[in-house]
Structure formats: C-alpha cells, structure tokens
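The structure appears right after this line, and notes come after that.
Numbering of residues begins at 1 and proceeds along the displayed sequence. Keep in mind that what you see is a predicted model, and the values were worked out from it rather than measured. Heavy-atom basis, side chains included; hydrogens, waters and symmetry copies ignored.
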Amino acid sequence: MTGAPLLEVRNLTTSICSSGGAVTVVDQVSFSVAAGRSLALVGESGSGKSMTCASILRLLPPSGRIEGGQVRFHGQDLLTLPEREIRRLRGRRIGMILQDAMTSLNPIMTIGDQLGEVFRRHHGVRDRAERRRRAVAALEAVEITGAAQRLDSYPFQLSGGMRQRVCIAINIACAPDLLLCDEPTTALDATVQQQILGLLKRLQRERGLAIIFVTHDLRLAAQFCDEVAVMYAGRIVETGPIGAVFAAPAHPYAEGLLAAAPELGAAPGRLAAIPGTPPAPGSVPVGCRFAPRCTQAEAICSTAYPDWFDWQERSAACWLVPKRLAVPARVVETTA
C-alpha cells in the first residue's frame, strides 16, 4: 500500500446481542488505507462489510458492541474517544455515503436546509444566506446543474442519481479525509453508476480523499479501487493490490467470487456459483470458515483456522497458499 496509512484497523471485533447471546459479526478484522487511495471491501451479503464500516464510526445498533481492536485515524484510536469527540469527527473528518439515498435524506427538509445544517453544525455558520451560498458551491462541486434552484427542492423531486449526488455533497461539504462508501451505486442504473464513480474519482484526486468502497460488484471494484480486502463470515481472508488479487486470487473464496462474476460479451451459458451458503452468524464451523463450501479443502482446513501468509504486498489466510507459492506463515494470534 502506497504512503503512510490514514486509517489503520487492527483486530476489530464487533458483536450483536440476540436472544441466544452475543454473536460475533466482525471478527479480528485488520486493514489500512492511505490518503488518496481506495480500498474495496468485497464479499457476499452478511460477510460483515457494512458492519465493519459502522464499527469504524461507532454507529452500531443498540444491540451492537465493539469487543476489541483498534481503529486508528491520523494515529488516534477512535474506539477510545468520548462520544462527544467521535460525533465531531462524523461528517467533518469522516463521511459515510449509504446505498439508498432516498432513506439517507430527510424527506420533509429541502436540499438547501439539509446542506445548510452541515455548515451550521460543523462550521458554526449562523447566517442563512451564507449557508445557502455554501450549499450552492457544494452542489456545484458534485456537478448538479441549476444548483441554486435545487436548494428549495425536496428529495422526492430529484432523480436517484441526483439524490446520491446530494448525499455526496453533504459528505464532502466539510472536506473530510476519509469517505466510507457503503454500496453507493447499487440502486442506480449503469450509466449513472459510471457518472457517480467518475465524480468520486475526481473528488479523490482533487482532495486527496481516502475511500473505503463496499460493493458486491467486482467489476466496479476493479475499475475504481487500488487495493481489495475480501471478507467471508466476518473475517478478512485475502488482501492486496486489486489488479494482482483479481488476476490470480490465492484464496478459494476470492477465486469463487471472481468465477461467479458474469463477463460482458461472454458466450451464453450457465453462470458459475460457489456451492452452499455462508454460515449464519454464531454458527461458524471450526477451522477455516469457508472449508464446508471449498472444493479444494484438505483435512487441516476443518480443524485449524489458517495462518496468514504474506508475499509481494499480498496476504491470504489459507492453508493452500504455501503449497502454491512456497511462502512462510506470518505468526499471528487467531481464534477458531
């Protein structure tokens, strides 16, 4: 990874309390991202991607609890900050763009009032005219035409693509250092997806933003991101430069995800699929969590969780890696 990390997540563990007790949904997750770089967080639904982002900002549901680990932002551990301090960081230093812009925006407030609230809360701007001036500039920064006229519109009066641009404008209004993008283009058509990705890339170049990009779409991830972290059943199983990982995945799960992705222009036929289903939270198997679905699993895979193996800026937790690549294990403390 290029440059010193802006954000370092180390052994982050989060649980959700249920009637049957606490269930771990994010388990010893570690990754980092540098200023001006993009990290894709990929994996099937329920793998823990969104909960990881929520844990970084401490925006968990009432039943959620961070059990351990560190989230160091500019060297400061966000998990140890008082609630008042973390509230000051949210929206100002770290932004979060969600999947559904319609539910992210307040339906009974105009776009101008919602943007103005950002400047009032984080910059102390009390003058309404000044807030509107800044709101127009924010909308123009995300390429919304007729920005001044849009200030008096309500979210339902805008298209899906324009609503998502408004959400981006709200999140970049305070010039944050980090953006958490939780599937920000999933609800949009292909053309608008490309426009939103192009906008985020431009803003990243201009402002040096670090971006964590959560997505199911591996094509978009490859197009947009520099590094990738593949998640399965609450854990990271492979990381590295996205081009290298997608060209030659080391973990069978990453390999299966890529094989299942449809290719544009490919001959018609049955799509590849990973057999079985992910384990339910709280009922993960002993050993490698992917072993019950892995066609390459060996006896050790069902008895011991894999060590981490590092090579050429890449890492993977899979017992097959040393046989394929002849690399030594990294000694880390893990639990089954």
Side-chain angles (χ1 to χ4, degrees), residues 1-9 12 29-45 47-54 56-57 71 73 94-99 142 164 167-168 171-172 176-188 190 192-232 235-251 253-264 312-316:
M1 191 170 291
T2 303
L6 174 75
L7 177 77
E8 288 185 278
V9 177
L12 178 63
V29 163
S30 297
F31 59 81
S32 61
V33 60
R37 305 286 286 179
S38 299
L39 171 75
L41 205 54
V42 304
E44 294 168 286
S45 295
S47 59
K49 306 182 301 297
S50 295
M51 194 60 70
T52 296
C53 291
I56 289 172
L57 279 177
V71 177
F73 177 66
I94 305 174
M96 188 168 183
I97 304 169
L98 301 176
Q99 177 178 343
V142 296
Q164 196 62 290
C167 288
I168 295 172
N171 278 278
I172 66 166
D177 301 318
L178 173 66
L179 271 183
L180 308 179
C181 301
D182 192 357
E183 301 197 48
T185 63
T186 299
L188 308 176
V192 179
Q193 278 186 350
Q194 292 301 313
Q195 293 173 354
I196 296 298
L197 288 182
L199 171 62
L200 288 172
K201 267 297 185 186
R202 177 179 66 78
L203 292 170
Q204 184 178 43
R205 286 194 304 269
E206 293 174 356
R207 305 182 181 212
L209 282 169
I211 294 178
I212 296 176
F213 190 74
V214 173
T215 184
H216 288 92
D217 193 326
L218 302 185
R219 177 184 57 83
L220 287 182
Q223 177 184 341
F224 182 71
C225 296
D226 305 299
E227 286 90 25
V228 63
V230 182
M231 285 195 77
Y232 183 76
R235 281 191 169 179
I236 302 287
V237 297
E238 183 166 0
T239 64
I242 199 163
V245 172
F246 282 10
H251 197 285
Y253 178 62
E255 191 174 51
L257 286 178
L258 288 163
E263 293 185 19
L264 189 64
Q312 298 176 353
E313 297 185 295
R314 295 179 58 183
S315 300

**Side-chain donor/acceptor of Gln99 to backbone N/O of Thr185, under 3.5 Å** =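 Not at all, since once roles are kept as given, no pair shorter than 3.5 Å links the two residues.
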Is [Y] close to [X] at the side-chain level, that is, under 4.5 Å between some pair of heavy atoms?
{"X": "Leu178", "Y": "Leu209", "result": "no"}
{"X": "Arg235", "Y": "Val29", "result": "no"}
{"X": "Val230", "Y": "Thr239", "result": "no"}
{"X": "Met231", "Y": "Glu44", "result": "no"}
{"X": "Val228", "Y": "Arg314", "result": "no"}
{"X": "Ile172", "Y": "Arg207", "result": "yes"}
{"X": "Leu220", "Y": "Leu197", "result": "yes"}
{"X": "Lys49", "Y": "Val214", "result": "yes"}

On a heavy-atom basis, which atom in [X] and which in [Y] lie closest, and how many Å separate them?
{"X": "Cys53", "Y": "Leu180", "value": "O-CD1, 3.8 Å"}
{"X": "Ile242", "Y": "Cys225", "value": "CG2-O, 3.1 Å"}
{"X": "Leu200", "Y": "Ile211", "value": "O-CD1, 4.3 Å"}
{"X": "Gly43", "Y": "His216", "value": "O-CD2, 3.5 Å"}
{"X": "Thr215", "Y": "Ala221", "value": "CG2-CB, 3.9 Å"}
{"X": "Leu39", "Y": "Ala229", "value": "CD1-N, 3.9 Å"}

**Prompt:** Taking only residues two or more places apart in sequence or in another chain, which ones pass ring-ring contact (aromatic ring centres under 6.0 Å, His included) with Phe213?
**Reply:**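 Partners of Phe213 by the ring-ring contact (aromatic ring centres under 6.0 Å, His included) criterion, ordered by chain and then number, come out as Phe224.
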**Request:** Applying ring-ring contact (aromatic ring centres under 6.0 Å, His included), name anything that partners Phe246, two or more places apart in sequence or on another chain.
**Result:**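 So Phe246 forms no ring-ring contact (aromatic ring centres under 6.0 Å, His included) with any residue.
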**Message:** Testing the 3.5 Å rule here: is there a donor-acceptor pair between the side chains of Glu238 and Ser315?
**Reply:**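 No, no side-chain donor-acceptor pair sits under 3.5 Å.
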In Å, rounded to the nearest 0.5 Å, how long is the span from [atom1] of [X] to [atom2] of [Y]?
{"X": "Ile212", "Y": "Cys181", "atom1": "CD1", "atom2": "SG", "answer": "9.0 Å"}
{"X": "Leu199", "Y": "Leu203", "atom1": "CG", "atom2": "CG", "answer": "4.5 Å"}
{"X": "Cys167", "Y": "Leu98", "atom1": "SG", "atom2": "CG", "answer": "7.5 Å"}
{"X": "Glu227", "Y": "Phe31", "atom1": "CD", "atom2": "CZ", "answer": "12.0 Å"}
{"X": "Gln164", "Y": "Gln195", "atom1": "CD", "atom2": "CD", "answer": "12.5 Å"}
{"X": "Leu179", "Y": "Ile94", "atom1": "CG", "atom2": "CD1", "answer": "10.0 Å"}

**Request:** Could you tell me whether Glu206 atom CD has more than 12 heavy atoms of other residues or ligands within 6.0 Å of it?
**Result:**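 Count over threshold, so yes.
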**Item:** Audit row: Asp182, Ile97, side chain to side chain contact (heavy atoms under 4.5 Å, CB included) steps and yes/no
**Value:** CA-CA 6 Å; Asp182 192 357; Ile97 304 169; over 6 Å; no
**Request:** Walk me through it: do Ser30 and Val9 pass the test side chain to side chain contact (heavy atoms under 4.5 Å, CB included)?
**Result:** CA-CA 5 Å; Ser30 297; Val9 177; 5.8 Å; no
